[in-house]
Amino acid sequence: MRVLFVCLGNICRSPTAEGVFRHKLREAGLEARVSVDSAGTGDWHVGKAPDARTRVAALKRGYDLSSLRARQVSRADFAAFDLILAMDLANLADLQRLRQGAGEAELDLFLRRYAGELDEVPDPYYGGEAGFEQVLDLIERASDALLLEVKRRL
Ligand code: 4NP
């Protein structure tokens, strides 16, 4: 199974989701059976490591994001992945526009599908430190639910 997380810049939310979910897969002994990646709808940060604030907040919870590098999502991703999970409604709309019938991937909003009480992972880029903690809280919770679905589907 192949899962892609998508946000705007691919330097805050989606690399966090990639790191957190991969960590949970490793703990569950499923890392070899599920491939995980992340990408951004925008191209401003292509090739860059995750934002320093994102890396620091993640590392405090045991997720090392230092080896990740930003890339932009492409139409080919709709065939390369089974499940594409957008962080907010703008990302979802951009993905639907980009798709134009390409690929078989299921496309959904990460939190709407797996968490419930909040639909979007708020963009932390222009805010303070608390925003990065909230991103982690939301993503950890939704990743637990995603792991349950993956276990059912494997
Ligand atoms: P992300 O956060 O989409 O979670 O990676 C952002 C990163 C950069 C920008 C916006 C959001 N930016 O405008 O450069």
Side-chain angles (χ1 to χ4, degrees), residues 1-26 34-100 102-103 105-147 149-150:
M1 192 173 169
R2 304 158 300 173
V3 180
L4 178 68
F5 297 101
V6 176
C7 63
L8 177 60
N10 193 210
I11 55 169
C12 296
R13 294 164 293 174
S14 63
T16 298
E18 178 182 350
V20 168
F21 189 54
R22 189 172 287 142
H23 185 92
K24 290 186 184 292
L25 286 170
R26 198 178 309 130
V34 184
S35 60
V36 186
D37 196 7
S38 65
T41 56
D43 66 356
W44 309 282
H45 302 284
V46 167
K48 302 246 184 73
D51 185 281
R53 298 162 297 173
T54 291
R55 274 185 281 138
V56 167
L59 199 54
K60 276 196 270 177
R61 298 194 193 192
Y63 312 111
D64 182 0
L65 308 183
S66 60
S67 66
L68 303 182
R69 294 295 177 268
R71 73 170 179 91
Q72 189 175 27
V73 71
S74 76
R75 290 190 80 216
D77 287 318
F78 292 100
F81 292 89
D82 303 300
L83 187 55
I84 299 181
L85 296 167
M87 294 296 135
D88 66 31
L89 288 162
N91 310 147
L92 184 65
D94 287 341
L95 286 165
Q96 281 161 343
R97 206 172 307 124
L98 176 69
R99 174 173 211 149
Q100 293 173 3
E106 242 183 294
L107 176 59
D108 210 340
L109 205 52
F110 186 36
L111 293 193
R112 187 161 66 198
R113 186 172 175 121
Y114 297 110
E117 81 284 4
L118 200 64
D119 264 2
E120 304 183 282
V121 182
D123 184 347
Y125 192 69
Y126 294 106
E129 205 179 307
F132 293 86
E133 296 300 328
Q134 186 192 19
V135 165
L136 277 157
D137 290 341
L138 293 167
I139 284 174
E140 283 182 328
R141 178 123 40 99
S143 293
D144 284 333
L146 172 58
L147 183 63
E149 182 182 334
V150 164

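Ligands are counted one by one from 1 in listed order, and the atoms in each one are counted from 1 as well.
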Checklist entry - Is atom CZ of Arg141 surrounded by more than 12 heavy atoms (other residues, nucleotides or ligands) closer than 6.0 Å? => result no
Item to check | Contacts of Asp119 that satisfy side-chain hydrogen bond (donor to acceptor under 3.5 Å, both in side chains) - sequence neighbours left out | outcome: none
Checklist outcome for this item: Applied to residues 49-75, the ring pair (Phe, Tyr, Trp, His ring centres under 6.0 Å) test, sequence neighbours excluded, yields His23-Tyr63
Checklist entry - Counting only heavy atoms not in Glu149, do more than 12 fall under 6.0 Å of its CD? => result yes
Identify all side-chain donor-acceptor contacts of residues 5-15 below 3.5 Å with residues at least two apart in sequence or on another chain.
from  : atom 1 : to     : atom 2 : distance (Å)
Asn10 : OD1    : Arg71  : N      : 2.9
Asn10 : ND2    : Ser14  : OG     : 2.9
Asn10 : ND2    : Ser38  : OG     : 2.9
Arg13 : NH1    : Asp88  : OD2    : 2.9
Arg13 : NH1    : Val121 : O      : 3.0
Ser14 : OG     : Ala39  : O      : 3.4

Checklist entry - Do NZ/NE/NH1/NH2 and the carboxylate oxygens of Asp137 and Arg61 come within less than 4.0 Å? => result yes
Which pairs of N or O atoms, one from ligand 1 and one from the protein, are separated by less than 3.5 Å, and what is the distance for each pair?
from     : atom 1 : to     : atom 2 : distance (Å)
ligand 1 : 2 (O)  : Asp123 : OD1    : 3.4
ligand 1 : 3 (O)  : Leu8   : N      : 2.9
ligand 1 : 3 (O)  : Gly9   : N      : 2.8
ligand 1 : 3 (O)  : Arg13  : NH2    : 2.9
ligand 1 : 4 (O)  : Arg13  : N      : 2.8
ligand 1 : 4 (O)  : Arg13  : NE     : 2.7
ligand 1 : 5 (O)  : Gly9   : N      : 3.4
ligand 1 : 5 (O)  : Asn10  : N      : 3.2
ligand 1 : 5 (O)  : Ile11  : N      : 3.0
ligand 1 : 5 (O)  : Cys12  : N      : 2.9
ligand 1 : 13 (O) : Tyr126 : OH     : 3.4
ligand 1 : 14 (O) : His45  : NE2    : 2.8

